[in-house]
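Notes for the one structure printed next.
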2 protein chains.
Amino acid sequence: MNDFIDLFDEFDRRILPHHLTDADILRLRQKAFALHLRAQGHADFAGPEDHFAYVAKGAVKLVAYLSGSREQIVAFGFPRELIHIPGSGPNGFSLIALEATELLAIPADGLLAASGKDSTLLRLAIEQTILALGRSRANSIMLGTHSARERLAGFLLAMFERGACHRASPETIRLPMSRAEISDSLGLTIETVSRQFSEMRNLGLIETTGRSIVTVRDWEGLAHAAGHMPAAA
Amino acid sequence: MNDFIDLFDEFDRRILPHHLTDADILRLRQKAFALHLRAQGHADFAGPEDHFAYVAKGAVKLVAYLSGSREQIVAFGFPRELIHIPGSGPNGFSLIALEATELLAIPADGLLAASGKDSTLLRLAIEQTILALGRSRANSIMLGTHSARERLAGFLLAMFERGACHRASPETIRLPMSRAEISDSLGLTIETVSRQFSEMRNLGLIETTGRSIVTVRDWEGLAHAAGHMPAAA
DNA sequence: CGATGTCTTGACCAAGTTCAAAGCGCGTGG
DNA sequence: CCACGCGCTTTGAACTTGGTCAAGACATCG
């Protein structure tokens with residue numbers, strides 16, 4: 001279990017540009033705060049302000065709640081990633097841990113305010129937001145044009161690319177999310193996701209062990225099933 | 001037909017922060033360029049660089065091309081809006097005019113480079129990118145969880161909100177896009193969109209005149225059809 | 001006023017959802 | 001350490017929505 005100092009240090013090394021002045025870093029450190037979430041724990045950032053969150057350990061989902069009992073997972077966050085959390089807008093968003101998670105939260109305008117003369121931090125913020133925008137648009141494309149098979153295959157490939165979770169071999173990952181969470185992110189039902197898993201298993205594309213361990217047996221076939229489109233959720 | 005000076009001037013008044021220095025504005029002006037597109041004309045921003053485009057007149061769509069003949073409209077742009085165009089990434093994007101359009105294009109890193117000491121322009125860029133991210137995420141939610149009826153009703157309401165095109169009365173707009181473009185943006189087929197129009201007409205929610213003029217007869221019903229249920233637990 | 005491309009409508013079909021029940025992994029407690 | 005039971009997952013069958021194919025209607029433009 002890391003404390004704030006370790007977390008911030010890791011964030012500094014992994015994400016922050018290297019040529020920041022000490023003053024910049026200090027200002028930023030004063031705005032940032034650490035969060036330790038248990039599985040299913042949720043972080044609510046009250047107020048209208050956007051936040052960025054650096055995920056150090058674990059995994060999170062960013063969920064939009066809708067009228068009815070419908071919900072849509074808008075993004076996942078994995079270790080070493082920085083994710084953008086919108087402040088209160090037309091839709092309510094919240095950040096929920098899939099498993100025990102350590103993260104560092106930074107109010108967006110903290111990032112702006114902490115930015116010194118050379119505005120390196122601002123550039124970081126833009127860069128990250130544009131990244132998030134790209135992922136979100138890829139997501140829109142996936143939801144608008146892809147079949148269930150393509151969505152799940154693309155999802156699995158994306159999980160591998162993002163190194164979702166510790167893998168014994170490079171062909172194997174442990175998915176930290178349930179079928180319900182996968183289906184919410186792909187705009188499908190649990191049953192359809194499950195059926196797709198079974199069919200892809202029968203086709204020899206993947207193998208599954210227990211509930212959440214997936215091994216790829218045929219990368220080419222999987223990429224083909226995805227429609228050659230590795231999307232990011 | 002505006003020339004570059006008029007266009008830039010309008011952009012300055014409508015979008016740029018008011019306290020920019022003359023030097024900032026001058027630097028920006030050197031990076032920006034005007035584009036006049038005919039209906040169906042496309043602007044291709046070669047190279048890996050992102051751009052922003054200020055729409056002065058007309059309307060545009062931002063399209064992602066996919067393997068196969070599938071395409072997905074990722075965003076529309078209407079007058080007074082600033083839209084973000086990603087540089088060449090995994091998917092090819094292009095900006096296409098729905099009708100005769102005048103716009104001002106600004107390379108994203110022009111915005112960054114032109115930014116002076118107080119980095120006001122950087123803040124503008126962030127703000128706009130975050131806005132685009134919000135719209136894109138709303139789009140994901142729509143595509144992931146809404147039925148055809150809800151999508152079209154929501155689309156129409158959004159068009160009214162954004163003042164898509166000159167309206168005779170506040171109940172009436174002229175949609176500048178074809179059914180095919182509507183369906184591509186909603187992740188549906190032309191036929192489904194057409195059927196939904198007919199059904200909503202039969203339900204007395206809307207009236208249509210010619211191909212593209214829509215008059216709302218029942219705002220509440222339309223909002224309800226869009227799934228904007230206000231008091232839903 | 002006629003040609004052309006867009007839009008509408010219908011019949012049929014397939015993908016995905018819903019509802020229901022059985023199977024199985026995983027944590028708990030004996 | 002194994003048995004138990006809960007809850008997640010899988011599977012099945014009926015159904016619904018939206019997609020596909022095809023033909024006819026209608027605006028809009030020359």
Side-chain angles (χ1 to χ4, degrees), chain A residues 38-40 61 68-72 98-100 142-156 174-203 206-215 225 227, chain B residues 38-40 61 66 68-72 98-100 142-156 165 174-203 206-215 225 227:
Chain A
R38 310 190 170 281
Q40 310 310 320
K61 58 178 177 180
S69 61
R70 300 182 294 190
E71 66 181 61
Q72 171 75 22
L98 301 175
E99 54 189 7
M142 188 267 298
L143 294 171
T145 65
H146 288 15
S147 68
R149 168 69 47 84
E150 291 170 319
R151 294 185 200 186
L152 186 60
F155 172 82
L156 289 177
R174 187 182 59 80
L175 300 174
M177 69 289 281
S178 68
R179 296 288 184 270
E181 285 158 337
I182 295 173
S183 64
D184 281 342
S185 87
L186 299 181
L188 299 168
T189 57
I190 301 182
E191 293 94 328
T192 301
V193 169
S194 180
R195 271 184 260 270
Q196 291 302 329
F197 263 111
S198 300
E199 287 173 27
M200 288 168 62
R201 206 184 301 125
N202 293 338
L203 288 170
I206 59 171
E207 265 170 41
T208 58
T209 313
R211 260 168 193 161
S212 52
I213 291 172
V214 178
T215 304
Chain B
R38 309 190 171 284
Q40 309 311 319
K61 58 179 175 178
L66 298 156
S69 60
R70 299 180 294 189
E71 65 180 62
Q72 170 76 23
L98 302 176
E99 54 190 7
M142 189 268 297
L143 293 171
T145 65
H146 289 17
S147 68
R149 169 70 47 84
E150 291 169 319
R151 294 185 201 186
L152 186 59
F155 171 82
L156 289 176
C165 268
R174 186 181 61 78
L175 300 173
M177 68 288 282
S178 68
R179 296 285 183 272
E181 285 158 337
I182 296 173
S183 65
D184 280 342
S185 86
L186 300 181
L188 299 168
T189 57
I190 301 183
E191 293 94 329
T192 301
V193 169
S194 181
R195 271 184 262 269
Q196 291 303 328
F197 264 111
S198 301
E199 286 173 26
M200 288 168 62
R201 207 183 301 124
N202 294 337
L203 288 171
I206 58 171
E207 264 171 40
T208 58
T209 314
R211 259 167 195 163
S212 53
I213 290 173
V214 178
T215 304

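- Counting any heavy atom pair closer than 4.0 Å across all strands shown, A/Ser178 reaches sugar-phosphate atoms only and no base atom.
- B/Ser185 places a side-chain N or O within 3.5 Å of a backbone atom of B/Ile182 that can act as its donor or acceptor partner.
- In terms of the side chain to side chain donor-acceptor pair (under 3.5 Å) criterion, residue partners of B/Glu207 (sequence neighbours excluded) are, by chain and number, B/Arg217.
- Distance CD1 (A/Ile182) to P (D/dC8): 14 Å, rounded to an integer number of Å.
- Rounding to the nearest 0.5 Å places CZ of A/Arg179 at 8.5 Å from CG of A/Leu152.
- Every residue meeting the side chain to side chain contact (heavy atoms under 4.5 Å, CB included) condition with A/Ala180, not counting sequence neighbours, appears here in chain and number order: A/Ser178, A/Ile190.
- In this structure, A/Asp184 places its CG atom 13 Å from P of D/dC8, rounding to the nearest Å.
- If you measure from atom CD of B/Glu191 to atom P of D/dA22, you get 12 Å, rounded to the nearest angstrom.
- Every residue was checked against the side chain to side chain donor-acceptor pair (under 3.5 Å) condition with A/Ser198, not counting sequence neighbours, and none meets it.
- For B/Glu191, the salt bridge (charged side-chain N to carboxylate O under 4.0 Å, His left out) criterion is met by no residue, not counting sequence neighbours.
- Checked against side chain to side chain donor-acceptor pair (under 3.5 Å), A/Ser183 has no partners two or more places apart in sequence or in another chain.
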Between the protein and nucleotides 1-4 of chain D, which nitrogen or oxygen pairs come in under 3.5 angstrom?
none

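- At least one side-chain heavy atom of B/Met177 sits under 4.5 Å from a side-chain heavy atom of B/Phe155.
- To the nearest 0.5 Å, atom CZ of residue B/Arg151 and atom NE2 of residue B/His146 are 9.0 Å apart.
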Review item, nucleotides 28-30 of chain D N/O atoms under 3.5 Å of protein N/O:
| unit_1 | atom_1 | unit_2 | atom_2 | d |
| --- | --- | --- | --- | --- |
| D/dT28 | OP1 | B/Arg211 | N | 3.3 |

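- In this structure, the helix from C/dC1-D/dG30 to C/dG30-D/dC1 shows an angle of 40° between the axis at its start and the axis at its end, each fitted on 5 base pairs and rounded to 10°.
- To the nearest 0.5 Å, atoms CD (B/Gln40) and CD (B/Glu99) are separated by 10.0 Å.
- Evaluation of the salt bridge (charged side-chain N to carboxylate O under 4.0 Å, His left out) rule for B/Arg149 yields B/Glu199 as partners, not counting sequence neighbours.
- A/Arg179 has its CZ atom 9 Å from the C1' atom of D/dC8, to the nearest Å.
- Within the 4.5 Å cutoff, side-chain heavy atoms of A/Met200 are placed close to those of A/Leu156.
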Look for any protein N or O under 3.5 Å of an N or O in nucleotides 14-18 of chain D and output each such pair with its distance, or none.
| unit_1 | atom_1 | unit_2 | atom_2 | d |
| --- | --- | --- | --- | --- |
| D/dG18 | OP1 | B/Ala148 | N | 2.7 |

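- Atom-to-atom, CZ of A/Arg195 to P of D/dG12 comes out at 9 Å; the value is rounded to the nearest Å.
- Running 5' to 3' along DNA chain C, contacts with non-hydrogen atoms of chain A at under 4.0 Å begin and end at C/dG16 to C/dC26.
- Note: CD1 (B/Ile190) to P (D/dG19) measures 11 Å, nearest angstrom.
- Put simply, CG on B/Leu186 is 11 Å from P on D/dG19, counting in whole angstrom units.
- Atom CG of residue A/Leu143 and atom CG of residue A/Leu186 lie 7.5 Å apart, to the nearest 0.5 angstrom.
- As judged by a 4.0 angstrom heavy-atom cut-off over every strand, A/Arg201 is placed among residues touching the sugar-phosphate backbone only.
- Listed by chain and number, the residues in a side chain to side chain contact (heavy atoms under 4.5 Å, CB included) with B/Arg211 amount to none (sequence neighbours excluded).
- Residue B/Arg201 places its CZ atom among more than 12 non-hydrogen atoms of other residues, nucleotides or ligands, all under 6.0 Å distant.
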